[in-house]
*Asks:* 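Next up is a structure, given as structure tokens.
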Amino acid sequence: MSLTFRRGLTTMASLKKASKVVCIGRNYADHITELNSAKPKQPFFFLKPPSSIILPGEGPVIRPRGVDMHYEVELALILGKRVRDHDASDLKGALDAIDSYALSIDMTARNVQNEAKKKGLPWDIAKGFDTFLPMSKLIEKSRIQDPHNIELYLKVNDEVRQNDSTNLMLFQIPRILSDISKVMTLEAGDIVLTGTPKGVGPVVPGDVMRAGIRVDGNEIEEAKIEIAVEESTRSYEYAET
């Protein structure tokens, strides 16, 4: 598989060289409800390491031993320029800052995250394992005219688990980029995950996840993800902190 793609700044290979992956949490109301979380008053974000990215054809998602692993399908923004102190009312500027899109699955060690929440500990481990960020091929901007009106879906073993429109996002892209860039400068090549809709849940070794994007009911071929889940053979095993 070739990892070079498109004429713009970004290639598939360059995704793993992003300086950071910034993830918006709790950006869909029904997802907040299903996790019994509080609705945020402003965009809430955290980081995943670029080392967690797994590109199409690179292999399965690996479930670490002792981990309750959940999927979260999300629209990913690949930035094409530096963004700092972005104005939340500037839709054009926000969209102009995007080089391309991708679909992503933010894998989460839910039992690890729940312990961290309970004890006031960081979430890094819960989000940062190797292979915990499957990504699709890059999607040219012309394929998604309005990123606030596309359908995201995820299936486990051909059973639909997530299927909602990005028009349900609590905070849209200009506000997301504004709040992030007022805290940390976003660089060209950085990746921003925009949050997941309802329907998150566990996958186990032997499962196959399939995810994608529909625009006006039509599938975007580059957005398709198909990835299996396997059990880790490494020495790590989760234990309570």
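Count residues from 1 along the sequence.
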*Asks:* For the pair Thr131 (side chain) and Val61 (backbone), establish whether a donor and an acceptor sit closer than 3.5 Å, ignoring hydrogens and angles.
*Replies:* no
*Asks:* Have a look at Thr196 and tell me which of Glu74, Glu72, Gln162 forms a side-chain hydrogen bond (donor to acceptor under 3.5 Å, both in side chains) with it.
*Replies:*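 Of all the options given, the one that passes is Gln162.
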*Asks:* Count the heavy atoms belonging to other residues, nucleotides or ligands that lie under 6.0 Å from CG of Asp85, then report whether that count exceeds 12.
*Replies:* yes
*Asks:* Taking NZ in Lys92 as the centre, count heavy atoms belonging to other residues, nucleotides or ligands within less than 6.0 Å. Is the count above 12?
*Replies:* no
*Asks:* Could Arg214 and Tyr153 be counted as a cation-pi pair, given that NZ or CZ must be under 6.0 Å from the ring centre and within 45° of the axis?
*Replies:*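 Yes, Arg214 lies over the aromatic ring of Tyr153.
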*Asks:* Looking only at atom types and distance, does a side-chain atom of Ser165 sit under 3.5 Å from a main-chain N or O of Asn167, one as donor and one as acceptor?
*Replies:*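 A pair under 3.5 Å: yes.
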*Asks:* Determine, using ring centers only, whether Phe45 and Trp123 are less than 6.0 Å apart.
*Replies:*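 Centroid separation for Trp123 and Phe45: 6.0 Å or greater.
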*Asks:* Salt-bridged, Glu115 to Lys117, with N to O below 4.0 Å?
*Replies:* no
*Asks:* Evaluate whether atom CZ of Arg82 has more than 12 neighbouring non-hydrogen atoms of other residues, nucleotides or ligands under 6.0 angstrom away.
*Replies:* no
*Asks:* Got Val21 and Leu47 here, is their nearest side-chain heavy-atom distance under 4.5 Å?
*Replies:*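 Side chain of Val21 against side chain of Leu47, heavy atoms only: no contact under 4.5 Å found.
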*Asks:* Answer yes or no: is there an ion pair linking Asp130 with Arg234, defined by an N-O contact shorter than 4.0 Å?
*Replies:* yes
*Asks:* Other residues, nucleotides and ligands only: do more than 12 of their heavy atoms fall within 6.0 Å of CG on Leu95?
*Replies:* yes
*Asks:* Taking only Lys NZ, Arg NE, NH1 and NH2, and the carboxylate oxygens of Asp or Glu, determine whether Glu240 and Lys119 approach each other closer than 4.0 Å.
*Replies:* yes
*Asks:* Arg143 pairs by salt bridge (Lys or Arg N to Asp or Glu O under 4.0 Å) with which of Glu222, Glu221, Glu219?
*Replies:*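 Going through Glu222, Glu221, Glu219 one by one, the salt bridge (Lys or Arg N to Asp or Glu O under 4.0 Å) with Arg143 is satisfied by Glu222 alone.
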*Asks:* Could Arg110 and Asp68 be called an ion pair, given the rule that one side-chain N must be under 4.0 Å from one carboxylate O?
*Replies:*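 No, this pair does not count.
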*Asks:* Do you see a donor-acceptor pair shorter than 3.5 Å between the side chains of Ser52 and Lys127?
*Replies:*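 No donor-acceptor contact under 3.5 Å links the two side chains.
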